[in-house]
Amino acid sequence: MTDTPQTRSDAPPTLPAQYQPGEVEQRRYEQWVSAGYFRADASSDKPAFSIVIPPPNVTGSLHVGHALDHTIQDILVRRKRMQGYETLWLPGTDHAGIATQNVVERQLAAQGLSRHDLGREKFVERVWQWKAESGGAILSQMRRLGDSVDWSRERFTMDEGLSRAVHTIFKRLYDDGLIYRAERIINWCPRCLTALSDIEVEHSDDEGELVSIRYGDGPNSIVVATTRAETMLGDTAVAVHPDDERYRHLVGTEVELPLTGRRIPIVADAHVDPEFGTGAVKVTPAHDPNDFEIGQRHGLPSLVIMDERGVISAPGPFQGLDRFEARRAVVEALRKEGRIVAEKRPYVHAVGHCSRCNTTVEPRLSLQWFVKTGPLAKAAGDAVRDGRVRIEPPEMAKRYFDWVDNMHDWCISRQLWWGHRIPVWYGPDGQVVCVGPDEEPPTGEGWHQDEDVLDTWFSSALWPFSTLGWPDDTPDLAKFYPTSVLVTGYDILFFWVARMMMFGLYAMNGRQPFHVVALHGMVRDQYGKKMSKSFGNVVDPLDWINRFGADATRFTLARGANPGADVPVSEEWCQGSRNFCNKLWNATRFALMNGATVAGELPPAEQLSTVDRWILSRLQQVIAEADEYFETYEFAKVCDVLYHFAWDDVCDWYVELVKPILAEGGPRADATRRVLGHVLDQLLRLLHPVIPFVTDELWTALTGGESVVIASWPVADASRRDEAAEAEIGKLQRVVTEVRRFRADQGLKPGQRVPARLSGLAEAGLAAHEKLIRTLARLDAPGDAFAASARVAVAGGVTIELDTRGSIDVAAERARLMKDRAAAEREIAQCRAKLDNPAFLDKAPAHVVDKVRTRLQVAEEDLARITAALEALPA
RNA sequence: GGGCGAUUGGCGCAGAGGGAGCGCGCUUCCUUGACACGGAAGAGGUCACUGGUUCGAUUCCAGUAUCGCCCACCA
């Protein structure tokens, strides 16, 4: 073992040939947490960088969308931490009102029970119990991913502090007249039995049937069209456009409503579109938002004909029928009476569905609580308009404006039990009292609290400041509010971001909840398809973490993350990411085996070989580029730059170039060991935010440092840039590649050594690298019996004559050269055409003209070289 | 119905007013003492279509087509 490569005297850790993530990840994460790296200190005088996590559903589990969202946040936080910021990434979970309640109700249903069987108190207890059972899952999954969150500050949207925040802001809004109670048509889910806000309703184009029904008889009859025939039972008018000549004579008269015997008025209302259908519309104020408005304008009664389950409640033959059965039955009854004018025909129109259970939403007249959004939304829009909050990518801001500028009042009451109960009490004599957080609710005979709870988004809208201690004036709030960045998918720009803006600005006296909103896309499969269970293309991040490692999973996601765009991923790409981690592992392994060192200053440039100066120069460029991409949330580019530097420059070239130097030993090898150590040290730091585990494992092994988590962030050193070295190594790479190409074309085995004579190296400035070129291209020194059988001509005037110990495939080489010649000729023609164009010379910028001249010169040299090589080929 | 975006090699995506790039896949060769989760060398695209601006357009503008997303109370 005398020829063992030099190793560090203090016996470096020996690494296995393959990186095994499992054990490393668990060990590292525990160490990070116990070392307190993630704990934020509000009393620090370092500048603050804070992010609040978009709280996932407390009883949910980590899906690949979370994994993306968390990876991005962790990247930002880890880098800032290394840059010396006091960083806080605050974790927590959301109580997710309807979603969680639905889950528990399903569990009950399995036992044949409903929530009403338990009663409110018991039911809520049961939900808390479910939270206790399942609430830990997602948190431990976040640990698996490597989230560097401050666990000491974990919050829940229904914990005591947040409940007080909810209570406080409700009271304040109420007192300011921004919360009110009113009877309105709201979106109602007949299955969840609760009101829904606009954003909880998803529209899809459904096929319905449009039927035309004749109301009244004789010349005074009028035909209306509807897709919801059953609602005619609740009609209290027919409306036509005021300017519609066809019906002018009927306005003010009454018609008989079929099946009911009621007579209803015909009114004129500008809302009616005379072009649509018959130009006459039935008016059902209790079951349609438009009709409700018309009803208000004309003082029409609202007749409720359907109960909360969508079952007909109006007395008569249809009572007790479900709304869809009733629709068929009503149409049938009308047909029997000869009231159906035009047969029903298919009609595709947008229908609202409950975003939770997909049940068709029923517009329903009911008494609900609303937030008056006008002034709040205005402020939320202005904060973005005047630049206090930046939306990334900026194109997304338009969607935001569309939303905040056209927001309806927000229905915040939900007929659920799981959530923050509305802090309003009703007295026996109709009193309504909103009770503040520090006030006692009224007691006494007949007083009772509102039964409803608040929309989940009400409490999540407070997240950026309620989690920091608001309404109290806490050190956390002072230090970390406004938060630095909010990272989330564009799909909840409206759901959540706009609402945080509204409440943040309101509660914090005009101070915005965050400086930047960084939006990412949805994770998709490798064909750009949405992930769906039915399609079977859903990725489980935990599965990937188990099989490929958390780093590989994170790298795959980050590598696909272009700002605002969807992120395609696939298992193969994750394998590729794992391979990359392994590549780093082995590069570091090589460095350790060869005594790379990180101690002391880097030697000055004069003491370094061109190869070392080249890689250091490249490193500075990479630091600068990666840094810029980090700043602009261009994570795909961050990964791209670092991946290629690591793989191409460091592994494929630098390590290979350095092997002969290290083998030689001496001071040059010492310097190279120092540079190799430095480059890997810096590279691992740069990669740490993206792939924290493997980088920490390698960095500590390489440097002996405590942890790369708390290492300083690399800063580009412009004085190490060396264009001459880059040009020189670039030339060397071209020479080597060209020889390898020749060898491959000629079918020479990669390992086979071929005697060769090199000329023109000095002129090309590569005189010092002959040995390297010979090593990399596997060319031996020409012996006494050297007989050139082939000549490879390389750009820059280098010529290499090879003794292939036999004839070469002349035809193949000729074909190759002809192809190259054609390319060179094309290039020459292109350049000449430009340079012969006076307009080009006149108008094009000087550097472009210079570039074309250079290209022409290079192409001409190439052509000469290729032509010579062709002539030298044996016939 | 309104708004936004996309259209670049087999697939997924970058890109910039002046020489078409990346990953995966594909072809050929190679177990060379960091790594086969590897190495070397390749093949493959008239950058959707039509006009316009420009010395020059794949890149800017307009229109067309196709696709996607968001918003929406026209029965």
Side-chain angles (χ1 to χ4, degrees), chain A residues 3-5 15 17-19 185 198 203 210 224-228 231 239 271-273 275-278 280-284 288-293 347 349-350 352 363 395-396 398-399 402-403 406 408 490-491 493-494 521-522 524-528 548 552 559-560 562 564-570 572-573 575-594 634 636-637 640 643-644 651-652 655-656 659 736-737 740-745 747-752 778 827 830-831 834 837-845 847-849 851-852 855 859:
Chain A
D3 60 352
T4 307
L15 303 175
Q18 274 191 1
Y19 172 50
I185 296 269
D198 289 346
H203 293 267
L210 194 65
V224 299
T226 181
T227 53
R228 289 161 65 214
T231 61
H271 168 263
V272 179
D273 176 4
E275 303 296 316
F276 187 91
T278 59
V281 54
K282 60 192 275 306
V283 181
T284 323
D288 184 278
N290 290 315
D291 296 5
F292 181 75
E293 306 259 312
Y347 180 73
H349 62 147
E395 307 89 78
M396 289 287 179
K398 208 179 166 314
R399 284 193 193 181
D402 284 349
W403 171 259
N406 302 301
H408 294 156
Y490 60 69
D491 57 331
L493 181 61
F494 317 130
M522 308 292 104
R524 291 169 176 271
D525 76 5
Q526 61 195 305
Y527 306 109
F548 307 118
R559 199 181 194 189
N562 289 112
D566 287 341
V567 181
V569 298
S570 83
E572 284 99 75
W573 303 346
Q575 277 173 26
S577 303
R578 177 208 47 194
N579 296 354
F580 177 57
C581 294
N582 192 239
K583 192 71 178 173
L584 290 171
W585 180 267
N586 273 290
T588 309
R589 188 163 165 253
F590 170 84
L592 288 168
M593 285 163 49
N594 286 280
E634 304 251 30
K637 286 179 187 151
D640 195 57
Y643 179 91
H644 282 111
C651 292
D652 286 348
V655 165
E656 295 307 319
K659 278 175 183 171
V736 170
T737 302
R740 285 172 174 167
R741 194 232 87 218
F742 174 83
R743 293 175 55 116
D745 279 1
L748 296 168
K749 299 290 179 200
Q752 185 185 338
R778 308 211 175 252
E827 179 81 353
Q830 255 176 34
C831 294
K834 289 202 170 182
N837 179 354
F840 172 73
L841 295 176
D842 189 38
K843 304 230 174 147
H847 74 273
V848 171
V849 178
K851 224 166 124 187
V852 174
R855 275 173 57 197

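All chains are named by letter (A, B, ...) in the order of the sequence lines, taking the proteins before the strands, and each is independently numbered beginning at 1.
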Does [N] have OP1 or OP2 sitting under 4.0 Å from an N or O in the side chain of [X]?
| X | N | value |
| --- | --- | --- |
| A:Thr737 | B:A41 | yes |
| A:Lys843 | B:G18 | no |
| A:Arg578 | B:C37 | no |
| A:Asn579 | B:G38 | yes |
| A:His644 | B:G23 | yes |
| A:Lys659 | B:A34 | yes |

Please walk me through it: do A:Thr231 and A:Asp288 pass side chain to side chain contact (heavy atoms under 4.5 Å, CB included)? CA-CA 9 Å; A:Thr231 61; A:Asp288 184 278; over 6 Å; no

Closest to side chain of [X], choosing from [options]:
| X | options | answer |
| --- | --- | --- |
| A:Asn582 | B:G19, B:C69, B:C37 | B:C37 |
| A:Ala844 | B:A34, B:G18, B:C37 | B:G18 |
| A:Ala839 | B:C35, B:C55, B:G19 | B:C55 |
| A:Lys637 | B:C69, B:C55, B:G15 | B:G15 |

Which one is paired to [N], where only Watson-Crick or G-U wobble pairs with both distances under 3.5 angstrom count?
| N | result |
| --- | --- |
| B:A6 | B:U66 |
| B:G44 | none |
| B:C35 | none |

Distance, rounded to the nearest Å, where [X] contributes [atom1] and [N] contributes [atom2]:
| X | N | atom1 | atom2 | result |
| --- | --- | --- | --- | --- |
| A:Leu584 | B:A34 | CG | C1' | 12 Å |
| A:Gln526 | B:C22 | CD | P | 20 Å |
| A:Arg589 | B:C35 | CZ | C1' | 7 Å |
| A:Gln575 | B:A36 | CD | P | 15 Å |
| A:Phe580 | B:C22 | CZ | P | 17 Å |
| A:Asp402 | B:C4 | CG | P | 9 Å |
| A:Arg741 | B:U27 | CZ | P | 22 Å |
| A:Lys398 | B:C71 | NZ | P | 14 Å |

How is [X] classified with respect to the nucleic acid when contacts are heavy atoms under 4.0 Å: base, sugar-phosphate, or nothing?
| X | answer |
| --- | --- |
| A:Val849 | nothing |
| A:Arg778 | base |
| A:Gln830 | nothing |
| A:Asp652 | sugar-phosphate |
| A:Cys651 | base |
| A:Asp640 | sugar-phosphate |
| A:Pro838 | nothing |
| A:Asp525 | nothing |
| A:Val852 | nothing |

Presence of donor-acceptor pair under 3.5 Å, side chain of A:Lys749 and base of B:C30: no

Return yes if the base of B:C24 and the side-chain atoms of A:Glu572 contain a donor-acceptor N/O pair under 3.5 Å, otherwise no. no

Using modelled atom types and a 3.5 Å cut-off, is there a donor and acceptor pairing between side-chain atoms of A:Asp640 and backbone atoms of A:Ala636? no

Backbone N or O of A:Lys749 within a donor-acceptor pair of the A:Arg778 side chain at under 3.5 Å? no

Does A:Val848 form a side chain to side chain contact (heavy atoms under 4.5 Å, CB included) with A:Phe840? I'd like the steps, not just the answer. CA-CA 10 Å; A:Val848 171; A:Phe840 172 73; 4.1 Å; yes

Is any side-chain heavy atom of A:Leu841 less than 4.5 Å from a side-chain heavy atom of A:Val849? yes

